[in-house]
Every structure is written in structure tokens, then in C-alpha cells.
Amino acid sequence: MHVSHSSRTIMGCCCFRSSTMKNKKNTSSSHTANEIHGHPLNNVRQFSDKELRLATDNYHSRNKIGRGGFGTVFKGTLKDGRQVAVKTLSASSRQGVREFLSEIKTLSNVKHPNLVELIGCCVQGPSRTLVYEHVENGSLDSALLGTGSSKIQLDWQKRSSICAGTAKGLAFLHEELVPHIVHRDIKASNVLLDRDFNPKIGDFGLAKLFPDDITHISTKIAGTTGYLAPEYALGGQLTMKADIYSFGVLILEIISGKSSSKTTRGGSHKLFLEWAWQLYEEGKLLELVDPDMKEYPEKEVIKYIKVAFFCTQSVASRRPSMTQVVDMLSKEIRLNDNQITAPGFFMDSRESSLKKSPSDSVIGQISNNSFSITQEIGEQSLLVIQVTSSPTEKCAMDSLFLI
């Protein structure tokens, strides 16, 4: 069953109710998250703009701890002493307001140890602010790729635990919640690490509800270059398999300590997945391992890399579910290597992150053995996706591994 973008989004027809002309003077004080049309959010605490300015010392630059596509994040301390992360949103951004509403709707009733907890929000006058639990060790991106004090030495125990915990969080979103949720932007900067380095998935601004009775959602392409599944980038057809592809890329980043957005590997111009797959084909998988990780169990690391390749296979139907991924990572399961096929490769010809706009055009070519897609902005080609397997190829999920 096909469901259009307009009929199945987290937002639905949500909008902020405007005050009547008679009550115009009270607009700034009366706009709260409870006024999101038709969607009462009883589990979310309502903060005033004054409270949050006090908590963050008027959003002082020294309290800035991050910046996302639609807002800046500040560390704050509430009156009761609790530390929080306060994400401000530009009220002038129409798209940003949609992201804001999506994030509230997604997280207001969701609790899981591997998901960032939404504490509250502020919708007052021009303010659009989300308040989260503060996660002590920042983002996985900073821990892996940061410089100086921001980079953290992660041993194999921590890295494997981060992989497994993130997988559990995604499995909860995909299979335990009703309706299910597709995150759409799984990447290192959206995985936060708590005091004990337990991972917590954050930033649900792009997430979408995914009811049981549909096969896919057709939507505008959103996400981050290097993590986008080929079938999603090709036609905007979103399924849970898009998250699984992104998670596979994330595993490889965690093991290698390298970013998927960089295309220079050992002096050669290769895509991240292309480089990793070449090492797999040459039987040199351990060359993928981060040199900062001095000791690690070779067999277990190789198994994790193979799980990543199962997740990033170019044909979505060949990828396992997140529950299967959790089992593959945490249980003594011998993987069936014969079922691993090549991943879909992304190529950014300008070696920069893809910035999409409503005028972007997508050109695709499909044949029996392969297909490619070129993402164009204006006259300049930015992104090429090469898929080396037949898009009609299927396999039974039970054959992914041998017990």
C-alpha cells in the first residue's frame, strides 16, 4: 500500500493556533505546546522563555555545546539543579518549525534507555525551544573525530557497546513502538554518549511515523550524505531499511574512527563504503580498524564489520531487521558470508555535504544488473549513487546467518 507524504507524517495537519484578534495582546503568553492543534502533549513540561534564559545565562556562548541543521544547543541548569540541553530554533524558519513539532510529537511519549529523553519545551512568542536531558560525554561524532580534549579514547568494549545500544534503540523505534518510527537521520552526531558511554539516539526532527499497514512512505529526501540508502535517495521511498543502511555505515565509522563523508583513503580517492568493501574483497578487513584502538578481539571485530555489510547491501530486501541486527551483534551467531552482497556507493563529486532545495532534480537509470542516480543542483552534478546488485534480487532473511 502506498501512502503519500502529505497523508502520513508526524505533523499531519498540526500547526500553532494563533490567538483571535480580541486576544492578540495575550499571544506571547498563551502559546504553549498544548496548543498544537489536536495533539495534547501532557507528558511534556512547559517552560517559560524566562526560565530557559535563566538556566542558560541568557544563552551565553560559553554554554553552547552543539549546533544542528535547525537550531543551536546550549547547556543549562534548572532551578532544581538538574542539567539540561536546551535546543533553540529559529522562528523564521518554516521548515524548522515543522521539525520542532515533529520532534515534540515523536518524543513526548517515548521512553527508552537508548533514546534521548525530551523533558519539555517552550512555545512562547517567537521562542521555539526543546529541553532534553543533558548527556555528559557529548556526541559520538566528537568522541570519534574530535580534536584535543573533545576526542575520547574508545576501547573495543565501549565501541561494541555503543553499536549494540544504538541497535537496541533503533529496534525499539522500528518494532516495539506503535506506530513504528523511522528516524531518517541516523549518524554519529545524532548519537550521544552518557556518563558511562551508553549511547542515546537524539534529534528526531526528521522522524516519521510508520504504521503497520503500509509498505513505504513517499517523501522528500532528507538526511545526510554518506548515510542515505540508495533506494531512498533514488525515489524518496522510505522504509525502515533506510535507517538500517545508515546504521551499517555508523558501525563502520565506529570501528574505523573515520568519517563516511571523507573520500580520501590512504592517498586514493575512494568512497568510505567503497574502500571498506574493497578491504573485504581483498581479505584485509583488519586494515579498517582504528589505529588508536591498540587491543581488540579480531574475530568479534570482523563479525561487526560483516554485520555492517549486511545492513548496507544495495538491495533493501536483503538487509536484516534491527531485531536481527541486535541478535547478530550480541549472540553467538555464525554469519553466512555467502549472503553478503555489495553495498550501494555514494559519490559526492565536490567532496562536500549535499545541500538539497525544492528545485533539486533527481535523474536515475535502471538496468537488470545495476542502476545509478545523479543528484543535480542547477547544472552541477553533486551526487552519484552506484548500485552493483540487481534491484530485483531478494533473499530470505533466515539465510542471513547460520546458527
Side-chain angles (χ1 to χ4, degrees), residues 10-11 14 16 29-36 39-60 62-91 96-140 165-166 168-169 172-173 176-177 181 183 185 189-207 209:
I10 288 179
M11 272 190 63
C14 294
F16 289 102
S29 62
S30 63
H31 277 224
T32 69
N34 284 333
E35 293 183 9
I36 298 175
H39 294 275
L41 301 170
N42 299 322
N43 294 330
V44 177
R45 178 177 169 183
Q46 311 299 313
F47 288 93
S48 69
D49 183 56
K50 182 179 179 180
E51 283 181 281
L52 298 182
R53 288 188 178 277
L54 184 63
T56 59
D57 195 10
N58 202 27
Y59 298 108
H60 197 284
R62 68 170 172 269
N63 290 322
K64 182 177 176 181
I65 57 176
R67 182 171 181 82
F70 298 101
T72 305
V73 183
F74 295 85
K75 182 179 178 180
T77 304
L78 302 178
K79 284 184 177 181
D80 61 6
R82 181 176 185 178
Q83 291 190 329
V84 293
V86 181
K87 178 180 176 182
T88 63
L89 180 72
S90 171
V97 171
R98 288 200 300 269
E99 305 292 336
F100 174 85
L101 292 171
S102 296
E103 201 147 356
I104 293 176
K105 184 66 173 72
T106 302
L107 290 179
S108 60
N109 296 303
V110 174
K111 305 293 180 185
H112 188 273
N114 295 117
L115 302 178
V116 173
E117 180 186 356
L118 177 66
I119 298 172
C121 65
C122 174
V123 184
Q124 184 176 330
S127 297
R128 304 286 185 270
T129 310
L130 295 168
V131 182
Y132 295 99
E133 63 173 315
H134 179 252
V135 184
E136 291 86 348
N137 279 310
S139 74
L140 174 60
T166 306
K168 290 175 183 176
F172 176 78
L173 293 175
E176 294 184 45
L177 278 181
I181 291 175
H183 186 279
D185 202 17
S189 59
N190 285 341
V191 176
L192 304 180
L193 305 175
D194 71 9
R195 182 178 304 173
D196 300 316
F197 294 94
N198 297 309
K200 291 177 177 285
I201 300 170
D203 200 340
F204 284 75
L206 297 179
L209 299 181

Side chain to side chain contact (heavy atoms under 4.5 Å, CB included), that's the test. Do Leu177 and His112 meet it? Break it down for me.
CA-CA 11 Å; Leu177 278 181; His112 188 273; over 6 Å; no
First locate atom [atom1] of [X], then atom [atom2] of [Y], and finally report the distance between them rounded to the nearest 0.5 Å.
X: Arg128; Y: Thr88; atom1: CZ; atom2: OG1; answer: 12.5 Å
X: Lys50; Y: Asn58; atom1: NZ; atom2: CG; answer: 12.5 Å
X: Leu140; Y: Lys200; atom1: CG; atom2: NZ; answer: 14.5 Å
X: Asp203; Y: Asn190; atom1: CG; atom2: CG; answer: 4.5 Å
X: Asn137; Y: Arg195; atom1: CG; atom2: CZ; answer: 9.5 Å
X: Leu78; Y: Gln83; atom1: CG; atom2: CD; answer: 9.5 Å

Shortest non-hydrogen contact from [X] to [Y]?
X: Phe47; Y: Gly120; value: CE1-CA, 3.8 Å
X: Val116; Y: Gly202; value: CG2-CA, 3.9 Å
X: Ser189; Y: Ser139; value: O-CB, 3.8 Å
X: Gly76; Y: Thr56; value: CA-CG2, 4.1 Å

Find out whether [X] and [Y] are in side-chain contact, i.e. whether some heavy atom of one side chain is under 4.5 Å from a heavy atom of the other.
X: Val110; Y: Phe172; result: yes
X: Cys121; Y: Gln46; result: yes
X: Leu173; Y: Leu115; result: yes
X: Ile201; Y: Asn114; result: no
X: Glu136; Y: Leu192; result: no
X: Thr129; Y: Val86; result: yes
X: Lys64; Y: Thr72; result: yes
X: Asp57; Y: Asn63; result: yes

For the pair Asp194 (side chain) and Phe197 (backbone), establish whether a donor and an acceptor sit closer than 3.5 Å, ignoring hydrogens and angles.
yes
If the threshold is 4.0 Å, N to carboxylate O, is there a salt bridge linking Glu51 and Arg45?
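Between Arg45 and Glu51 there is a salt bridge, with a charged N closer than 4.0 Å to a carboxylate O.
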Is the closest basic N to carboxylate O distance between Arg82 and Glu133 below 4.0 Å?
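Looking at Glu133 together with Arg82, the answer is no, because their closest N to O distance does not fall below 4.0 Å.
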Identify, with sequence neighbours excluded, every residue that meets side-chain contact (heavy atoms from CB on, under 4.5 Å) alongside Leu54.
Lys79
Who passes ring pair (Phe, Tyr, Trp, His ring centres under 6.0 Å) against Phe74, sequence neighbours left out?
Tyr59
Passes side chain to side chain contact (heavy atoms under 4.5 Å, CB included), Ile119 versus Val84? Steps please.
CA-CA 8 Å; Ile119 298 172; Val84 293; 3.7 Å; yes
